[in-house]
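Both backbone and side-chain heavy atoms feed into the values below; hydrogens, waters and symmetry mates do not.
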Amino acid sequence: MIIPYALRLYGIMDAKAFIILYLNVVDKNSEGGVCMIGSRKIISLCISRLHDIENNRFIARLNEQIKGLNCRLLIYNITTDLFWKETKLRSETAVFDLIDYEHTDIVIIMDEKIKSQTVTRSIIARSKEHGIPVIVVDGEYEDSLSVEFDYKSGFEKIVRHVIEEHGAKSVNYIGGFKGNRFSDEREEIVRKVTAEYGIPFDDSMTYYAEFWAKPSVEAAKKIISTGKIPDAVFCANDIMAINVTSVFLNHGIKVPEQVIVTGFDGIDEIYFTVPRITSARTSYRELADKVFETVGRLLNGEKCEDKVYVKPTMIYNESCGCTTSEDDTKLLRTFNNRFYHYQDDNVKLNDISDVIQTKKELISAAEVLYSDVVENMCCIINKECIDNTHDYFRSRRDQPFGDTMFMFFNSDDHPLRQYDIKRSDMVPDLESKLEMGYPLIFNCIYFMNVPLGYICLYFNHYDITEYGKIMAVANAIGRGVGGFINMRYQRYLIERVESMYMCDYLTGLYNRTSFNKKYIEAVNELPYGTEITVVLSDLDGLKGINDNYGHFSGDNAIRIVAQTLKEACPPDAICVRYGSDEMIGFIAGSCDTEKITEKIHSAIDEHNRHSRTDYKISASVGAVTDVLSDETDIEDLIRRADKLMYIEKRSKKQQ
């Protein structure tokens with residue numbers, strides 16, 4: 001049970017607090033006092049850049065182990081770390097709002113991968129509210145356990161190795177950022193070890209290169225410009241070491257003969273440089289082992305250490321003067337597979353994204369996703385996304401996801417079904433997907449920095465080429481669905497504008513210009529010999545209504561006559577305000593003109609019976625039916641209907 005750990009973690013001592021926490025943590029329908037989905041305990045993992053190979057190794061190792069504890073892994077992933085977004089977080093972090101704390105037993109946060117204390121603290125706080133223990137990987141926070149690499153000891157091994165084994169007497173250090181925890185720690189190690197051996201080291205021997213390629217090139221050039229090439233340059237990570245080495249070699253400075261260069265992290269790329277870079281490997285498989293041990297203790301209610309360390313392993317390579325027996329053949333094959341798969345898949349995904357945006361209907365847009373690139377995936381979007389009558393990207397939402405979502409695409413469905421789904425259900429057939437034993441991977445999809453919904457991927461393997469395309473899939477679907485939503489709204493606005501242009505503002509019927517267009521379109525589709533009818537309805541006594549009751553009343557009378565004509569004619573009739581108080585209906589196909597005329601008069605009489613106005617409305621009607629031929633003239637039909645209308649109007653005046 002989790003309870004003993006939770007009590008110790010949150011400092012709950014009294015019985016009342018114990019009961020409250022117990023009710024929060026224990027699902028009343030589960031066995032063993034833990035929250036479950038079906039019969040499975042749920043571990044929620046929050047991570048960034050799942051497509052990176054070390055994360056892939058971590059996931060594969062951890063998932064295979066926790067399956068033995070009857071656990072399943074739900075992964076909530078963002079595609080980029082948030083180091084540069086601390087003050088303006090990307091909308092994709094909304095994926096962490098999907099965590100179902102009611103059915104989660106343990107939360108694991110890959111803090112150094114996400115690189116946002118704001119996000120990590122938010123997840124910890126919500127976990128604490130639900131009494132769920134948190135394991136933070138590579139980070140230290142209150143109310144959580146910590147499993148992290150012992151970076152200090154690993155980096156110290158490198159520094160001591162270079163000084164003790166290779167006799168370096170002068171050194172430089174290239175860090176990431178001044179004030180960064182890891183960069184400062186490694187600088188302090190250089191200062192400590194050099195002080196022990198009496199090697200001079202001061203601030204002028206420290207450079208900063210943002211942990212990245214281009215700044216490290218500039219740092220190396222600065223070292224060369226001093227004219228004092230040290231015996232060794234310790235870089236805070238491998239990326240910087242690779243680029244520093246390249247600059248030295250390009251300037252004719254031999255590595256390691258004239259200067260030793262070392263890195264840190266043990267990324268695969270260090271095996272493909274000349275010379276290969278000496279480093280320290282932070283084994284993500286060993287990290288997974290430690291996390292697994294902590295998970296097991298938590299689930300068993302055992303006492304856990306607040307901090308668990310994983311020691312890095314030294315990698316002695318040529319850049320310090322050592323030799324290596326590492327076989328890079330397998331690594332090279334993996335790189336090739338990832339590279340060429342990435343290129344091919346990216347082309348397909350870009351095409352998919354473009355085609356989705358050209359579709360007009362939801363179902364046809366979703367069907368574009370049937371592809372070998374996006375297998376084993378479902379896409380669930382906010383219900384507001386399917387309403388094309390409002391601007392989704394300008395509307396404000398308190399939450400990134402609604403309680404009821406919309407199933408946009410499910411690769412398991414043939415034919416495709418689209419329907420409402422509760423956000424708490426997460427994905428269709430959740431229990432059967434968990435039964436597969438592989439992680440479910442959730443990514444937020446967004447467009448113009450606005451969350452649209454999320455995708456869930458469920459691979460039945462740990463192939464890095466599949467994990468490697470997660471970012472491209474999420475981005476392509478976000479662009480495609482977002483563009484589709486935006487285009488649907490733009491078409492709606494265009495239709496509204498066209499409707500306003502084509503229709504008479506007072507009556508809602510077509511104006512004469514649009515009527516002529518609609519008439520031509522209609523008769524061009526009709527075969528000769530088809531019956532066509534013109535019904536003309538004219539308001540009686542408009543001038544008298546205007547003079548005695550005002551033009552507002554006159555407008556109201558015109559509107560009533562137009563409405564009665566529209567309702568009396570068949571639904572597919574083309575109705576137009578032909579003149580000031582003259583309305584026309586054009587009908588293709590046989591119809592009963594007497595019945596239409598009777599409906600108009602009856603509707604007007606019904607209006608007068610219930611109207612509270614001091615005036616009565618009346619209209620005269622004329623209707624003409626003919627057979628469509630190449631000699632048909634709409635103006636002639638209207639004139640004939642007009643004559644019949646005036647016959648009725650004169651008869652009313654004679655009564």
Side-chain angles (χ1 to χ4, degrees), residues 499-523 531-588 591-608 611 613 615-626 628 632-655:
S499 176
M500 292 170 63
Y501 170 75
M502 294 174 66
C503 295
D504 171 62
Y505 77 96
L506 178 62
T507 64
L509 305 184
Y510 287 118
N511 56 38
R512 289 186 65 167
T513 301
S514 57
F515 171 76
N516 291 334
K517 178 182 176 182
K518 291 292 182 180
Y519 167 77
I520 292 171
E521 291 175 354
V523 297
E531 284 190 5
I532 55 174
T533 300
V534 169
V535 179
L536 189 151
S537 179
D538 185 86
L539 173 64
D540 298 330
L542 173 61
K543 186 176 185 302
I545 296 175
N546 283 336
D547 291 347
N548 295 308
Y549 302 101
H551 286 274
F552 177 82
S553 296
D555 287 346
N556 180 60
I558 291 171
R559 190 162 42 244
I560 296 301
V561 171
Q563 179 182 337
T564 57
L565 173 72
K566 179 74 173 176
E567 293 176 353
C569 289
D572 56 352
I574 303 172
C575 297
V576 56
R577 183 184 181 187
Y578 202 72
S580 172
D581 57 352
E582 197 174 54
M583 316 299 159
I584 290 176
F586 173 78
I587 303 165
C591 65
D592 188 337
T593 55
E594 291 185 6
K595 190 173 183 179
I596 291 173
T597 301
E598 182 183 340
K599 281 185 177 181
I600 292 173
H601 290 314
S602 297
I604 291 175
D605 291 343
E606 183 70 14
H607 169 79
N608 287 331
S611 175
T613 60
Y615 58 89
K616 300 298 181 183
I617 297 174
S618 173
S620 299
V621 181
V624 174
T625 298
D626 205 340
L628 181 66
T632 297
D633 181 357
I634 186 64
E635 295 295 335
D636 178 62
L637 290 174
I638 292 173
R639 282 192 295 269
R640 289 162 58 189
D642 191 57
K643 288 180 181 180
L644 294 175
M645 180 272 295
Y646 270 106
I647 292 174
E648 181 178 309
K649 192 180 288 285
R650 282 195 298 270
S651 68
K652 289 180 180 179
K653 290 180 179 180
Q654 293 172 0
Q655 292 177 356

Stepwise side chain to side chain contact (heavy atoms under 4.5 Å, CB included) check, Thr613 with Ser553: CA-CA 9 Å; Thr613 60; Ser553 296; over 6 Å; no
Test log, rule side chain to side chain contact (heavy atoms under 4.5 Å, CB included), inputs Arg650 and Lys653: CA-CA 5 Å; Arg650 282 195 298 270; Lys653 290 180 179 180; 5.5 Å; no
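Applying the 6.0 Å contact sphere to CD of Glu635 captures more than 12 heavy atoms from other residues, nucleotides or ligands. By the 6.0 Å contact criterion, NZ on Lys652 is enclosed, its count of non-hydrogen atoms from other residues, nucleotides or ligands being greater than 12.
For the atom pair OH (Tyr578) and CG (Asp504), the distance works out to 14.5 Å, reported to the nearest 0.5 Å. Summarising the geometry, atom CD1 belonging to Ile600 is positioned 6.0 Å from atom SG belonging to Cys569; distances are rounded to the nearest 0.5 Å. Annotation: the span from Ile604 atom CD1 to Thr564 atom OG1 amounts to 4.0 Å, rounded to 0.5 Å. Between atom CG of residue Asp633 and atom CZ of residue Arg640 there is a gap of 10.0 Å, rounded to the nearest 0.5 Å. How far CG of Asp540 is from CE of Met645: 8.5 Å, rounded to the nearest 0.5 Å. To the nearest 0.5 Å, atoms CG (Asp581) and OG (Ser537) are separated by 9.5 Å.
Contact detail for Ile596 and Cys591: the closest heavy-atom pair is CD1-SG, 4.2 Å. Closest approach of Glu531 and Thr625 over heavy atoms only: OE1-CG2, 4.1 Å. Taking all atoms of both residues into account, the shortest heavy-atom contact from Val561 to Ile617 is CG2-CG2, 4.1 Å. The shortest non-hydrogen separation linking Leu536 to Ala641 is CB-CB, 4.1 Å. The two residues Arg512 and Arg577 have their closest heavy-atom pair at CG-O, 4.0 Å. For the pair Pro570 and Ile587, the tightest heavy-atom approach, listed with the atom from each and the gap, is CD-CD1, 3.6 Å.
Side-chain atoms of Tyr615 and Asn556 form a donor-acceptor pair, as typed in the model, at a separation below 3.5 Å. Using modelled atom types and a 3.5 Å distance limit, the side chains of Ser620 and Asp538 yield no donor-acceptor pair. In this model, a donor atom of one side chain and an acceptor atom of the other lie less than 3.5 Å apart for Asn511 and Ser514.
Side-chain contact between Ile532 and Thr632: present, with at least one pair of heavy atoms (C-beta onward) separated by less than 4.5 Å. Side-chain contact check for Leu644 versus Val624: some heavy-atom pair is nearer than 4.5 Å. Residues Leu539 and Met583 have side chains not in contact (no heavy-atom distance under 4.5 Å, counting atoms from C-beta outward). Side-chain contact between Leu542 and Ser580 is present, with heavy atoms from C-beta onward closer than 4.5 Å. Proximity of Glu582 to Asp642: side-chain heavy atoms (C-beta onward) are separated by under 4.5 Å at one or more points.
Between Phe586 and the choices Ile638, Ile634, Thr533, the side-chain contact (heavy atoms from CB on, under 4.5 Å) rule is met once, by Ile634.
No donor-acceptor pair closer than 3.5 Å links the side chain of Lys566 to the backbone N or O of Cys575. The closest donor-acceptor contact from the side chain of Ser651 to the backbone of Glu648 lies under 3.5 Å.
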